[in-house]
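The structure appears right after this line, and notes come after that.
So you know, we letter chains A, B, ... as the sequences are listed, proteins then strands, and number each from 1. For clarity, every value in this text was computed on a predicted model and none was experimentally measured.
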There are 2 protein chains.
Amino acid sequence: MPELIEQESVDEKQLLEESVDYFVSFVQMFGLQKSVGQIYGMLFVTEEPVTMDRIISVLGISKGSASQGLALLKSLGAVTSHSIEGDRREYFEADLNVSRIVTHFFEERLTPRLSHGDQKLERMLRLADVEGKGSSPIMGRLQALKKWQNRGLSLIPRLLKWL
Amino acid sequence: MPELIEQESVDEKQLLEESVDYFVSFVQMFGLQKSVGQIYGMLFVTEEPVTMDRIISVLGISKGSASQGLALLKSLGAVTSHSIEGDRREYFEADLNVSRIVTHFFEERLTPRLSHGDQKLERMLRLADVEGKGSSPIMGRLQALKKWQNRGLSLIPRLLKWL
DNA sequence: TGCTTAGTTCAATAAAAAATGAACTCGATG
DNA sequence: CATCGAGTTCATTTTTTATTGAACTAAGCA
């Protein structure tokens, strides 16, 4: 009974597929590409570290996607890599690091947008004020919106602490 | 000094642009189309109710986008409409209803995905268990993942209550 | 120091998502 | 009860986003 690395039981194949599916769906909630979810899904159910060419052949994705996806996952702390003596290739494995992924999402996607929105809202308040009518219905809406925005902004650090 | 509805001061035009920009960015955080943000942004800084053809001409969007965008915004409770005696057209206006928009996002986009993921995760646990090794590293990862998922799932109702 | 090849980059291509607009519905009006 | 036109629908087109793959970089080895 040869122990080739290519050998996988039916169950292992199913598990791989489920995992890939699961994480594709997961990362898409956070606006990341499908390929990132595929890679993480594969690594998540693979015990031994794997090389990039293995990822490419198992998932059927391109070298470019694999390289970029792995780079992103490494930057998230969701994947680690190391090299092996006498082998030029890198070996990748999953790190179960849900909070890092979610934190990255907040800090890279949400917070910049919110602070950009903050500036916009200040400008709108100034414009609406210059209009003369300091207590126009529009002014009231803008002030209410500002309250909401501050509420949202204050939620983020609390969420990150909770993670 | 004729009081045509088309007349707008420079400031009003700027305010409109800022508002449109602001809400385009806002709704895109929740995966809604640009046109939805444009429409809401316009209505938000427009005191009097406006007709659909006005929205179309001011924003330069198509009838289809306007109709679908308004339908979505109405379903969110972010826009209300009424008709006027002797005028077939509907008149739309903004309702400052941030929580409805965010709640919709959670209920329509996040929750279905999470519960779908829940089923997937259960199947994965069964598959990993059948493999024999009840305490394999993979099994450990899956169990840790399940904890995270339950944590996330329990967060949603709390967030919705907070809104 | 030149060769091989693992990994990166990015312009070109493919896939996915959103916007368009023409055909349609349907209620109001003369 | 025929016509008008406001609003809807959805197949087509456009725009946006993700993926590909060939050229490139550079690290290890002879």
Side-chain angles (χ1 to χ4, degrees), chain A residues 20-21 23-43 49-76 79-93 105 108-109 113, chain B residues 20-21 23-43 49-76 79-93 105 108-109 113:
Chain A
V20 166
D21 248 45
F23 284 104
V24 165
S25 184
F26 180 78
V27 302
Q28 285 187 154
M29 291 200 311
F30 298 100
L32 302 178
Q33 303 91 302
K34 187 178 157 187
S35 57
V36 171
Q38 290 177 285
I39 295 167
Y40 190 76
M42 170 177 171
L43 295 179
V50 296
T51 56
M52 200 169 92
D53 56 291
R54 183 121 233 277
I55 292 169
I56 290 166
S57 75
V58 168
L59 296 175
I61 64 177
S62 69
K63 223 180 168 189
S65 285
S67 171
Q68 289 179 177
L70 284 167
L72 175 65
L73 286 164
K74 277 166 76 175
S75 82
L76 297 182
V79 160
T80 55
S81 71
H82 57 86
S83 39
I84 282 182
E85 190 76 11
D87 188 343
R88 279 221 264 138
R89 294 172 299 176
E90 267 191 285
Y91 285 79
F92 300 92
E93 55 189 318
F105 169 71
E108 300 298 310
R109 309 231 162 203
R113 274 201 155 146
Chain B
V20 166
D21 248 45
F23 283 104
V24 165
S25 184
F26 180 78
V27 303
Q28 285 187 155
M29 291 198 314
F30 299 99
L32 302 177
Q33 303 93 302
K34 186 179 159 188
S35 58
V36 171
Q38 290 177 286
I39 295 167
Y40 191 76
M42 170 177 171
L43 295 180
V50 297
T51 56
M52 199 169 92
D53 57 290
R54 182 121 231 276
I55 292 169
I56 290 165
S57 74
V58 169
L59 295 174
I61 63 177
S62 71
K63 225 179 166 187
S65 286
S67 172
Q68 289 178 176
L70 284 166
L72 175 65
L73 286 165
K74 278 166 74 174
S75 82
L76 297 180
V79 161
T80 55
S81 71
H82 58 87
S83 37
I84 282 182
E85 189 75 11
D87 187 343
R88 280 222 261 137
R89 294 173 298 178
E90 267 190 285
Y91 285 80
F92 300 91
E93 54 190 318
F105 168 72
E108 300 297 311
R109 309 232 161 201
R113 275 205 154 140

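The base of dT29(C) lies outside donor-acceptor range of the side chain of Arg88(B), with no N or O pair under 3.5 Å.
Between Val27(A) and Gln33(A), the shortest heavy-atom contact is CG2-O, 3.6 Å.
The aromatic rings of Tyr91(A) and His82(A) sit parallel to each other, their planes meeting at less than 30°, with 60° as the upper class boundary.
Along DNA chain C, the nucleotide nearest Ser35(B) and the nucleotide nearest Asp87(A) are compared for position; the residue whose nucleotide lies closer to the 5' end is Asp87(A).
Side-chain contact between Arg54(A) and Arg89(A): absent, with no pair of heavy atoms (C-beta onward) separated by less than 4.5 Å.
In the set dG7(D), dT19(D), dT8(C), the nucleotide with an atom closest to the side chain of Lys63(A) is dT8(C). Comparing dT8(C), dA6(C), dC10(C) by their closest approach to the side chain of Arg89(A) singles out dA6(C). Residue Glu90(A) places its side chain closer to dG7(C) than to any other of dT20(D), dG7(C), dG21(C). Among dT19(D), dT9(C), dA19(C), the nucleotide with an atom closest to any side-chain atom of Ser65(A) is dT19(D). Listed candidates were dG7(D), dT8(C), dA18(D). Nearest to the side chain of Gln33(A) is dA18(D).
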When you look at Val20(A) and Gln38(A), which way does the side chain to side chain contact (heavy atoms under 4.5 Å, CB included) test go after all the steps? CA-CA 5 Å; Val20(A) 166; Gln38(A) 290 177 285; 3.8 Å; yes
Does the side chain to side chain contact (heavy atoms under 4.5 Å, CB included) test come out yes or no for Met52(B) and Glu90(B), once each step is laid out? CA-CA 7 Å; Met52(B) 199 169 92; Glu90(B) 267 190 285; over 6 Å; no
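The nearest whole Å value for the distance from the CD1 atom in Ile84(B) to the P atom in dA28(C) is 16 Å. Here dA19(C) presents its C1' atom at 13 Å from CD of Gln28(B), a figure rounded to the nearest Å. For the pair Leu73(B) CG and dG7(D) C1', the interatomic distance rounds to 16 Å; values are reported in whole Å. Residue Phe92(B) contributes atom CZ, which lies 12 Å from atom P of dA6(D) at whole-angstrom precision. One atom, CE of Met52(B), and another, C1' of dT9(D), lie 12 Å apart when rounded to the nearest Å. Atom-to-atom, CD of Gln68(A) to P of dA18(D) comes out at 11 Å; the value is rounded to the nearest Å. Taking atom CD1 on Ile56(B) and atom P on dG21(C), their separation rounds to 11 Å, with Å as the unit. Atom pair Ile61(B):CD1 and dG21(C):P shows a separation of 12 Å (rounding to whole Å applied).
Residue Leu70(A) is out of contact with every strand shown, counting any heavy-atom pair closer than 4.0 Å.
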